[in-house]
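In each ligand, atom 1 is the first atom listed, and ligand 1 is the first ligand listed. Just so it is clear, the model here is predicted, and its values are computed rather than measured.
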Amino acid sequence: MIGIICAMDVELEKILEMMDQKQSEIVSDIVYHQGKIGDQDVVCAVCGVGKVFAAMCTQAMIMKYQPDCIINVGVAGALDPQLAITDIVLADDLVQHDMDVTALGLPRGMIMNTNYLAFPTDRDISNRLQAAIDALNAKREQREDNLITTKRGRIASGDQFISEKAQKEDIVGAFEAVACEMEGAAIAQVCYVNHVPYSVMRAISDTADETAQMDFTEFMSIASAVTAEVIRYFCMA
Ligand code: ADE
């Protein structure tokens, strides 16, 4: 069984529409939908925005449904200038950009009393997501539709919507991340300590600068439609 976690309704909406034999259950105010996409068993949930909801949802999903892997799907702000809106980022690893115990001599992002800084994603799941994108692109080419561009790299998560050039430069300077969002690294940390393989796939909704607020509102639905299509191909593969 695959677990899918999104932060917002708009990010899960089109994935939910693909699911058959749906059954739902509520745990701590989060709705978990179990069902099938093709022959693939799936459990999915909208966790809410930010690291606390993301961690709660991931732990409850693992304990209640024992998924074989978890994929965090949604939108992100671009930090890498090569990324355009609706491009996909597959995380190689994730950091918490707002974890800061530098005052006690730790590197930025390091979680005190552990050696955790960056949480690596499962290479096999990320490769299978890339294969799904490639298959989808082959279909798009036939339809003479735009192809999806993918980048692999580090995603930085934190409880902040990044909308200023200075914030963006600070995160890039500290972590060399290519995209930012608000849940991925929390989901990664919970999966990591529970030994559940995970990956994070995000479509760019904005460029995390002064245009971010407008672009996020305008493009989150279009970007979410792209990741939903990839999940369909991933489950049908
Ligand atoms: N998710 C999408 N865009 C974002 C941004 N600019 N900052 C944080 N999370 C985001």
Side chain to side chain, [X] and [Y], heavy atoms closer than 4.5 Å:
{"X": "Met99", "Y": "Arg108", "result": "no"}
{"X": "Ile88", "Y": "Val226", "result": "yes"}
{"X": "Asp98", "Y": "Gln96", "result": "yes"}

Any luck finding a side-chain donor-acceptor pair between Ser126 and Ser199 under 3.5 Å? yes
Just checking, any donor-acceptor pair under 3.5 angstrom between side chains of Asn137 and Glu141? no
Give the atom numbers and elements of ligand 1 that come within less than 4.0 Å of a heavy atom of [X].
{"X": "Ala208", "answer": "6 (N)"}
{"X": "Ser205", "answer": "2 (C), 3 (N)"}
{"X": "Met182", "answer": "8 (C), 9 (N)"}

Quick check on Met220 - does any of its heavy atoms sit under 4.0 Å from an atom of ligand 1? no
For Ala76, state whether at least one heavy atom is located under 4.0 Å from any atom of ligand 1. yes
Please state which protein non-hydrogen atom is closest to [atom] and give its distance, to 0.1 Å?
{"atom": "atom 8 (C) of ligand 1", "value": "Gln160 O, 3.5 Å"}
{"atom": "atom 7 (N) of ligand 1", "value": "Ile162 N, 2.9 Å"}
{"atom": "atom 4 (C) of ligand 1", "value": "Phe161 CE1, 3.4 Å"}
{"atom": "atom 3 (N) of ligand 1", "value": "Asp206 OD2, 2.6 Å"}
{"atom": "atom 9 (N) of ligand 1", "value": "Glu181 CA, 3.3 Å"}

Under 6.0 Å between ring centres: does that hold for Tyr198 and Tyr192? no
Taking the ring of Phe119 and the ring of Tyr116, is the distance between their centroids below 6.0 Å? yes
